[in-house]
Novice: 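Handing you this structure, nothing more for now.
In this text, all values refer to a predicted model and were calculated from it rather than measured experimentally. Order of the sequence lines sets the chain letters (A, B, ...), proteins ahead of strands, with each chain counted from 1.
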Amino acid sequence: MRFKFYRKARYQVFGFILVLMLSLSFGFRAQGQTPVSSAAKQVLESYLEIVRQEKPEFSGFDAKSGERFYFAEREHSRKGDSRSCALCHGDDPKSIGQHFTSGKMIKPLAPAANIERLTEVKKIDKWFRRNCKWTLERVCSTEEKGHFLTFLYSF
Amino acid sequence: MPVTPTLKIKVWDWPTRLFHWLLVFSVSGAWISSFREYLLMEHVWFGHTVVGLLVFRIVWGWIGNGFARFREFVTGPQIVWEYAKMRFRNKAPRILGHNPLSAWMTVSLLLVLLGITLSGAVTLAGEEWIGPLAKYFSMEQGRFAKGIHVWLSYALLSLVTIHVLAAFLESFALRENLILAMISGFKRPPLEVETPLEKDKYSNGIKSVYPDVKLQYWFLSGFVLVVFALTVGVSFDYRTPLTQEALAEQQSPEHQLYMSECGSCHFGFHPSLLPHRSWEKMMSDLENHFGEDAWLDAETTQAILDYLGKNDAEHFQSEASFNLMENVADNELPLRITKIPYWLMKHEEISEQIYKRKSVRSPLNCGACHGYAEYGSFEDGHIRIPK
């Protein structure tokens, strides 16, 4: 008698919807990788085209090379400090970073943790331009940028 | 003449006594908390208590018992003068409630406190943008009110000194512990001297002690409500939601553009912290932005410059911008906010150790300690230095 409550039709419908939502959310989690945004897809395709023009045998961007690039340290010629992407964005791109000089908190870089990342072509270009110069004192090559984006989507 | 020890008269009813000691508590609290800027919110809390108490006392002055009613103890200048003459010749009768001189002390204390709380509220609204009045008062009005607030406070301190001294001296002169009377409420009946003045007061007092019990209990609840609503409610609301709502109104798409472009690498400094000429200079050479390349396309640069032009120190006056600009000459071109004399003066006590903390990292990181700094508010009550 005590469980009569659950047998009412409308509660069964609620329960069904609840179970459905839970399983769906777990399903998306189980997928593991964040879907690539249309902006990032567009950028990656154009990068691949540019790289293939020079190296027709190029197999594609991989996260491992991107990870190496992300952690590679380089001494700044004027400031003398050792800089890398990880210096400000943190060892884990899924967590909050902190700007090395200004102390400003930086939202996670990986789209898995911050859905707004890599959703605008203009912003992707701007930040590559600015931060490659800050970290490496040069522009990044198309190949490096492709590996880097692939690495960020590997979470 | 010996006095029957059992015979006592209730002069100060309990709401008056509670009022008196709560006022002592909150005025001392307000005075002590005014010494440190970070105690501003506590200062405001005490100020609210004073307002609540004043409201109570003024109402109680009409509906309280005979010794508490203004009508019963406030007298004209002639009687005050007569009494003063008698008192200094030591021939004055002992008066059960307020004597004509202390009556005017009470009235002036109440009036000065009213002035202090009103000017304090305007200061808070104009200078710090806190509270419901924040929209109605400008920076200059706030500063003007602060001047009044400070001078009235000195006046209050002198009045309090006289009041306390008088209470002690009269206690010795009348051989009656007046301070204790304000705690217990009881006084010795006036048996030694019978004067018309005294007789009047006496009979009035006796007749109107606890004139209406129901009224008193009704007032008990009103009193408790007023004090608590004004203190706990209002002052705690100030700490976040009200201020936050007032400041959120200032956000616009232009503001968001500015924050996303200029607040990604470093803290998004509020435009009001620098004058227009400084922003123009800075935006004209973003490729050499304090040794970094912060290049932006021409369109974005112009959009941000437009936003800055509407919110710079000349247009968006806050306490911080007002003070920062006060000692910057028109021909100076400040670019680093942290090099402006007022900034340096205000941060003198902050040690290098604090800037080195991981949670702060740099003096540029305003928001690490100043809550709401991104809205241009550097209100003292929101300063929290992180560990």
Novice: Test of understanding: with ring pair (Phe, Tyr, Trp, His ring centres under 6.0 Å), list the residues that count as partners of Phe100(A), not counting sequence neighbours.
Specialist: none
Novice: Does the gap between the ring centers of Phe61(A) and His147(A) come in under 6.0 Å?
Specialist: yes
Novice: Ignoring hydrogens and angles, state whether a donor on the side chain of Glu75(A) or Ser82(A) is under 3.5 Å from an acceptor on the partner side chain.
Specialist: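 Side chains of Glu75(A) and Ser82(A): no pair found under 3.5 Å.
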Novice: Give the member of Ala294(B), Ala368(B), Gly367(B) that has the highest number of heavy-atom pairs under 4.5 Å with chain A.
Specialist: Ala294(B)
Novice: Identify the heavy atoms of Phe58(A) and Glu143(A) that sit nearest to each other, and give their distance.
Specialist: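 Minimum heavy-atom contact is CE1-OE2, 3.7 Å.
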Novice: How about Phe128(A) and Phe148(A): are their ring centroids closer than 6.0 Å?
Specialist: yes
Novice: Phe155(A) and Ala110(A): which non-hydrogen atoms are nearest, and at how many Å?
Specialist: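 For Phe155(A) and Ala110(A), the tightest heavy-atom pair comes out as CD1-CB, 3.9 Å.
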Novice: Extract the chain A to chain B donor-acceptor pairs under 3.5 Å, no hydrogen or angle test applied.
Specialist:
unit_1    : atom_1 : unit_2    : atom_2 : d
Gln98(A)  : OE1    : Lys358(B) : NZ     : 3.1
Gln98(A)  : OE1    : Arg361(B) : NH1    : 2.7
Gln98(A)  : NE2    : Lys358(B) : O      : 2.7
Ser102(A) : OG     : Cys265(B) : O      : 2.5
Gly103(A) : O      : Asn365(B) : ND2    : 2.8
Lys104(A) : NZ     : Gly263(B) : O      : 3.0
Lys126(A) : NZ     : Glu261(B) : OE1    : 2.3
Lys126(A) : NZ     : Glu261(B) : OE2    : 3.4
Arg129(A) : NH1    : Asp293(B) : OD2    : 3.3
Arg130(A) : NH2    : Trp295(B) : O      : 3.4
Lys133(A) : NZ     : Asp293(B) : OD2    : 2.8
Trp134(A) : NE1    : Glu292(B) : OE1    : 2.9
Trp134(A) : NE1    : Glu292(B) : OE2    : 3.2

